[in-house]
Amino acid sequence: RALFLMAPIAIALLGAFSIQFFPHSTLFAGCSAYVLCFFLQEMMRRYWYAANRIRDALRSDLISYGGQVAGLLAVDAAWGVNGSSAFAIMAATSLAAFVWDVRVSNLRAGAVHRSMADIVRQNWRISRWLILSVFAIWGAGQMYPLLVASLGPVAVGTFAACGNIMRGVSLLVQTVDNYLPPRAAALLHEKGAREFQHHLVWTVSRSAGAGLLFALVIYVFADRIMYVVYDGAYDGAANVLRLMAPGAFCSLMAAILGAYSLGMTDSRASFLSNLAGTVCTFTVGYWLISTHGITGAAIASSLTAATSMIVQGRLVAVRLKTFERQASTTP
């Protein structure tokens with residue numbers, strides 16, 4: 001019911017942007033269909049993760065995302081894909097995954113009647129900070145391409161080319177965001193704060209190794225990677241790629257720490273950490289870009305990610321101490 005409240009709002013916002021930026025009715029229709037179907041599919045994916053039914057989540061992803069790849073390739077080979085048809089294909093595969101998920105799940109629609117006001121009140125304590133976090137995340141990381149625009153289209157293209165390679169770490173980040181928050185919450189309530197802390201340390205140490213390995217590979221083989229991926233078009237940007245590598249590591253660590261914060265029902269920490277990153281973007285980041293150009297932008301993006309990671313880690317430590325004190329005083 002909450003989803004069907006939010007989906008029309010999202011589509012209305014999409015319509016407002018459509019009028020301003022892409023006033024094409026077929027494209028807006030395709031986007032709207034995809035938004036609704038993706039929301040439905042994502043709801044079931046979150047249910048599978050919360051229920052610790054990972055195989056069902058994987059099957060849903062195979063139907064949706066695997067179907068997207070197959071469908072896009074097939075339609076493109078036969079007739080050619082444009083923006084509208086691409087969104088329609090993605091909407092269809094998301095809907096197919098949702099229908100399958102509903103058939104194999106044991107969810108019962110309407111089992112308990114609750115007012116919408118009650119649902120909003122229950123979730124508002126966490127969701128209000130998550131909503132603010134979305135805006136802060138834009139300031140902490142997504143503003144750099146816009147700030148780099150002042151340097152010209154070549155700089156924008158170079159920064160985007162390096163950023164695309166850095167998004168390889170998003171595979172790990174997506175896994176963290178999907179799996180860790182509900183499992184961390186279950187661990188805290190079932191095993192207690194001490195076991196929760198041990199699990200956090202174990203996860204951080206393992207993930208840090210993977211993140212460092214990724215950053216090291218990028219740093220050592222930057223020249224070769226740029227040549228292979230872009231066929232020589234951005235060979236001169238290898239040093240920019242190297243400067244962005246630490247940011248990928250920090251983003252992974254911040255995502256893990258943020259997942260454990262959500263496990264402790266502390267969504268405010270994500271907002272505050274990304275707010276600190278936003279402040280870094282528009283102070284140190286802006287100065288570095290205006291002073292050192294594209295090199296400064298690469299350094300600034302890594303500093304912003306490091307700032308968010310440090311603040312997130314500090315807030316997780318404070319929250320853990322609060323849980324430990326509560327556990328020690330509980331008979």
Report task. Give a yes or no on whether the ring-centroid distance for F282 and Y286 is below 6.0 angstrom. Result ->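 Distance test on ring centres: not under 6.0 Å, no.
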
Requested in this report: Tell me whether the centres of the aromatic rings in F196 and Y260 are closer together than 6.0 Å.
Outcome: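 Judged by ring-centre distance (under 6.0 Å), F196 and Y260 do meet the cut-off.
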
For residues [X] and [Y], determine if any side-chain heavy atom of one lies less than 4.5 Å from a side-chain heavy atom of the other.
| X | Y | value |
| --- | --- | --- |
| L262 | S267 | yes |
| S60 | W100 | no |
| I289 | T291 | no |
| H292 | I299 | no |
| V156 | Y144 | no |
| M166 | I218 | yes |
| V220 | R242 | no |
| L132 | W129 | yes |

Are any side-chain N or O atoms of [X] and backbone N or O atoms of [Y], one a donor and one an acceptor, separated by less than 3.5 Å?
| X | Y | answer |
| --- | --- | --- |
| T281 | G285 | no |
| S150 | L147 | yes |
| S308 | S273 | yes |
| T278 | A136 | yes |

Residue [X] excluded, over 12 heavy atoms near [atom1] under 6.0 Å:
| X | atom1 | value |
| --- | --- | --- |
| R224 | CZ | no |
| M6 | CE | no |
| Y227 | OH | no |
| R128 | CZ | yes |
| R53 | CZ | yes |
| R314 | CZ | no |

**Report entry** Step-by-step side chain to side chain contact (heavy atoms under 4.5 Å, CB included) determination, T93 to Q41
**Finding:** CA-CA 9 Å; T93 58; Q41 176 212 351; over 6 Å; no

Using every non-hydrogen atom in the two residues, find where [X] and [Y] come nearest and quote the distance to one decimal.
| X | Y | value |
| --- | --- | --- |
| C280 | T307 | SG-OG1, 3.9 Å |
| G293 | L151 | C-CD1, 3.5 Å |
| A305 | S251 | CB-OG, 3.8 Å |
| V35 | A10 | CG1-CB, 4.2 Å |
| L252 | G211 | CD2-CA, 3.8 Å |
| S261 | Q312 | OG-NE2, 2.9 Å |

Spell out, yes or no, whether [X] and [Y] are grouped together once hydrophobic residues are joined by side-chain heavy atoms under 4.5 Å, including indirect joins.
| X | Y | answer |
| --- | --- | --- |
| F159 | V284 | no |
| L13 | I137 | no |
| V318 | M264 | no |
| V311 | L200 | no |
| L14 | M90 | yes |

Once you round to the nearest 0.5 Å, how far does [atom1] of [X] lie from [atom2] of [Y]?
| X | Y | atom1 | atom2 | result |
| --- | --- | --- | --- | --- |
| Y230 | I225 | OH | CD1 | 11.0 Å |
| F28 | I11 | CZ | CD1 | 7.0 Å |
| H199 | L187 | NE2 | CG | 6.0 Å |
| L315 | L320 | CG | CG | 11.5 Å |
| L303 | L243 | CG | CG | 10.0 Å |
| M226 | N239 | CE | CG | 10.5 Å |

Report task. Please determine, by modelled atom types, if D61 and S64 share a side-chain donor-acceptor pair under 3.5 angstrom. Result ->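 S64 and D61 do not have a side-chain donor-acceptor pair below 3.5 Å.
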
Requested in this report: Please determine, by modelled atom types, if S133 and N274 share a side-chain donor-acceptor pair under 3.5 angstrom.
Outcome: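 Per modelled atom types, S133 and N274 side chains form no pair under 3.5 Å.
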
Requested in this report: Fit a plane to each ring of F17 and F21, take the angle between them on a 0 to 90° scale, and name the class: parallel (under 30°), tilted (30 to 60°) or perpendicular (over 60°).
Outcome: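 Rings of F17 and F21: parallel, as their planes differ by under 30°.
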
Requested in this report: Check which hydrophobic residues are tied to W138 through side-chain heavy-atom contacts below 4.5 Å, counting indirect links as well, and list them.
Outcome: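 V134, listed by chain and number.
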
Query raised in the report: Which other residues end up in the same hydrophobic cluster as L62, if Ile, Leu, Val, Met, Phe, Trp and Tyr are linked when side-chain heavy atoms come under 4.5 Å apart?
Result: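 L62 shares its hydrophobic cluster with L58.
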
Report task. Could you please spell out the steps behind the side chain to side chain contact (heavy atoms under 4.5 Å, CB included) verdict for W48 and V104? Result -> CA-CA 11 Å; W48 294 135; V104 300; 3.8 Å; yes

Query raised in the report: Could you walk me through whether S207 and M253 pass the side chain to side chain contact (heavy atoms under 4.5 Å, CB included) check?
Result: CA-CA 8 Å; S207 301; M253 293 297 101; 3.8 Å; yes

Report task. Using the side chain to side chain contact (heavy atoms under 4.5 Å, CB included) rule, take H198 and V201 through it: C-alpha gap first, then chi angles, then the decisive distance, then the call. Result -> CA-CA 5 Å; H198 289 163; V201 172; 5.9 Å; no

Query - Electrostatic pair R45-D56, nearest N-O below 4.0 angstrom - result: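 Result for this pair is no, no salt bridge flagged.
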
